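Both ligands and their constituent atoms are indexed starting at 1 by order of listing. Source: prediction; values computed, not measured.
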Amino acid sequence: MKKKQFKTESKRLLDLMINSVYTNKDIFLRELISNASDALDKLYFKTLTDNSGITRSELEIRIDPDKQARTLTITDNGIGMTKDELETNLGTIAQSGTLAFRTEMNAKEGEKAAETPEVIGQFGVGFYSAFMVAKKITVLSRAYGQDEAYIWTSEGLDGYTVEPAEKDAHGTVITLYLRDDEGEESFGKYLETYTLRDLVKKYSDYIRYPIKMMVETTRAKEHECDCGHEHEEGECDCGHEHEHKEPEYETVTEEQTLNSMVPLWRRNKAELTDEDYNSFYTDKFHDYEAPLAHIHTNAEGSVTYNAILYIPASAPYNLYSKNYKRGLQLYSNGVMIMDNCEELLPEYFGFVKGLVDSPDISLNISREMLQQNRQLRAIANGLKKKIRQELESMLENSREDYEKFFKAFGLSLKYGIYESYGMEAENLQDLLLYRSAKEDKPITLKQYTEALAENQTEIYYACGESAEMIRSLPQYKYLIDKGCDILLMTDNVDEFMVKMMNGYGGKPFKSITDNDVNLESEDEKKAMAEKQAESRELLDAIRTALDGKVKEVRLSARLADSPAALTSEGPLSLEMEKVLSEMPLGGEAKAERILELNPDHPVFEALSAAKDDAEKLGNYAKLLYNQSLIMAGLKIDDPAGFAAAISALIVK
Ligand code: ADP
Ligand code: MG
């Protein structure tokens with residue numbers, strides 16, 4: 001029989017398939033099973049009208065590994081192929097596949113050849129992918145309604161033959177002669193039950209026909225005792241005494257269906273219980289904890305899809321690291337095409353787990369093409385809204401769950417606002433929770449603004465390492481005494497995020513350590529300004545003694561019981577300076593410092609008294625400055641000098 005050559009582009013693809021090194025070879029099984037499933041579909045629809053007596057329950061796919069022969073056989077009793085169909089279908093790449101392939105290759109033209117196999121691995125290339133694992137393939141097929149069968153044989157690049165063959169019934173038997181193992185690379189693993197089972201589970205679990213395989217299992221042997229009766233161990237009631245042996249095990253081979261067939265998301269929502277959703281989640285996403293919530297949504301119209309999404313109860317340890325894999329599983333009609341499709345979720349909802357199944361997404365799709373895929377973007381938009389709605393309703397209706405959620409994933413939302421330069425603020429601001437100073441529990445921005453003190457026009461917040469640190473800030477007591485609530489912010493990103501927001505509900509944010517927080521009456525302000533003018537000389541002397549460390553020294557009415565405090569002027573706050581200085585490449589950015597003194601505190605009297613003793617005043621100024629740094633949670637410049645100055649005070 002004369003060998004026929006593959007069509008040119010098929011040959012090129014085949015060449016890449018055979019010589020590819022980095023591809024995900026596992027996908028060959030998914031491709032062959034999908035083809036078999038298509039063949040069963042075609043037969044089923046055809047026989048619906050011709051009274052052939054074929055029922056859906058007879059239709060099946062079989063996988064038979066043969067270790068001796070080192071072959072893997074995939075069989076279906078579907079529509080089969082005629083001689084011509086074997087030639088045209090397996091001698092040329094399906095047109096759609098060709099197109100996608102060409103686009104890819106053109107885009108990659110000129111780039112390193114080493115990248116090419118990666119490209120291939122990203123999209124299904126159907127039947128040919130089997131050459132990644134097989135050195136020889138035979139396809140024995142008999143078309144439905146035909147008497148003759150044919151066998152197609154190919155050993156790769158040098159072409160294929162088609163010859164008459166024997167086959168009892170319609171359908172197709174594809175036999176892969178697996179390649180030899182090379183070093184690390186094992187092809188023999190595709191003969192192992194567990195590998196095949198895993199691959200079917202992973203990629204083809206929702207194929208609507210059973211995928212069957214003979215599987216060896218061990219089970220306890222029937223126990224036969226001397227009494228002549230057959231019974232299970234220890235169950236004999238014949239009255240004789242007999243020796244009870246250890247149970248014996250035997251290995252039996254039985255047929256198993258590897259796939260679960262009906263996708264949960266295609267089942268009627270009304271029939272599904274929380275338990276169904278939760279066990280699906282723990283199985284599929286390898287979490288031991290039940291999720292906080294699930295979303296099951298269908299859409300029809302410009303794009304049709306079905307999705308199940310989950311909000312996990314805890315954050316994985318690596319959520320904020322580079323190696324966390326965000327994204328949803330993407331299915332095309334029940335066949336998985338991607339494990340982590342990032343394009344389906346905005347980064348700030350990266351904690352969401354789940355899957356999307358859409359008939360509008362084709363099996364043969366590459367990563368690059370996915371990024372531009374309009375349908376995919378439409379799905380992503382739909383899901384984003386759904387997730388937000390779900391979180392809003394959790395916040396509204398099960399506050400406790402929501403607080404748990406926010407503890408685990410609130411940081412993601414904050415980064416979402418910060419990293420979008422505030423573009424996402426509108427979307428996410430109502431999902432934020434901050435601890436209220438007054439109520440000592442997490443509240444929303446809405447709750448805060450609904451309970452403003454009289455005449456309060458700003459949203460007060462304070463940043464620090466912990467709530468206790470913040471509560472010890474001198475400015476804290478001042479605002480609380482004035483009846484204002486304060487949002488306590490303890491994440492590094494908080495203040496950076498706030499600066500990206502355009503206030504909330506028309507109210508600007510204000511840090512309590514900002515120098516212009518001032519709730520005094522006009523008269524009080526005037527009195528303070530006068531006092532300040534009187535003390536001008538003293539304040540300047542203190543500033544000089546601090547040697548450029550502060551931009552200004554001034555009097556303040558908002559220090560309550562404290563003698564002094566640091567505040568800042570300009571865009572960078574002290575807290576932001578601290579966060580930046582702790583970052584690896586944080587740099588030297590410094591906030592502009594202002595030292596505020598409390599004129600009603602005895603310390604101020606002591607300062608005034610030391611006015612003419614430059615050395616004493618200098619020491620006092622440094623002590624106060626360092627003490628204010630500590631209160632603000634900042635590092636002091638010269639700890640040894642500070643300690644010496646305190647000791648000197650004690651022995652005096
Ligand atoms: P695609 O599935 O995208 O069309 P493939 O390369 O996977 O491309 O398959 C090429 C063609 O070969 C299929 O379209 C189908 O017509 C035919 N084919 C492959 N496997 C089978 C099978 N098991 N039974 C019947 N036809 C098949
Ligand atoms: Mg296919």
Residue part near ligand 1, for N89, under 4.0 Å between non-hydrogen atoms: both

Nearest-option assignment for atom 26 (N) of ligand 1, heavy atoms, candidates M81, E31, K42: M81

For the student: nearest non-hydrogen atoms of A149 and E166, plus distance: CB-C, 4.2 Å

Residue pair N259 / S204: nearest heavy atoms and the distance that separates them: CB-O, 3.7 Å

Where ligand 1 meets L90 - atom numbers and elements under 4.0 angstrom, heavy-atom basis: 12 (O)

Metal site the Mg ion (ligand 2): N/O/S of N35 inside 2.8 Å: yes

Residue portion contacting ligand 1 (non-hydrogen atoms closer than 4.0 Å) for L32: neither

For ligand 1, the portion of V139 having any non-hydrogen atom under 4.0 Å away: neither

Ring centers of Y277, H296 separated by less than 6.0 Å: yes

Pair W152 and F127, ring centroids less than 6.0 Å apart: yes

Nearest atoms (heavy-atom pairs only) where F405 meets M394: CB-SD, 4.3 Å

For F127, atoms of ligand 1 separated by under 4.0 Å from a heavy atom: 5 (P), 6 (O), 7 (O)

Check: F409 ring centre within less than 6.0 Å of F349 ring centre: no

Close N or O approach (D76, ligand 1; < 3.5 Å): yes

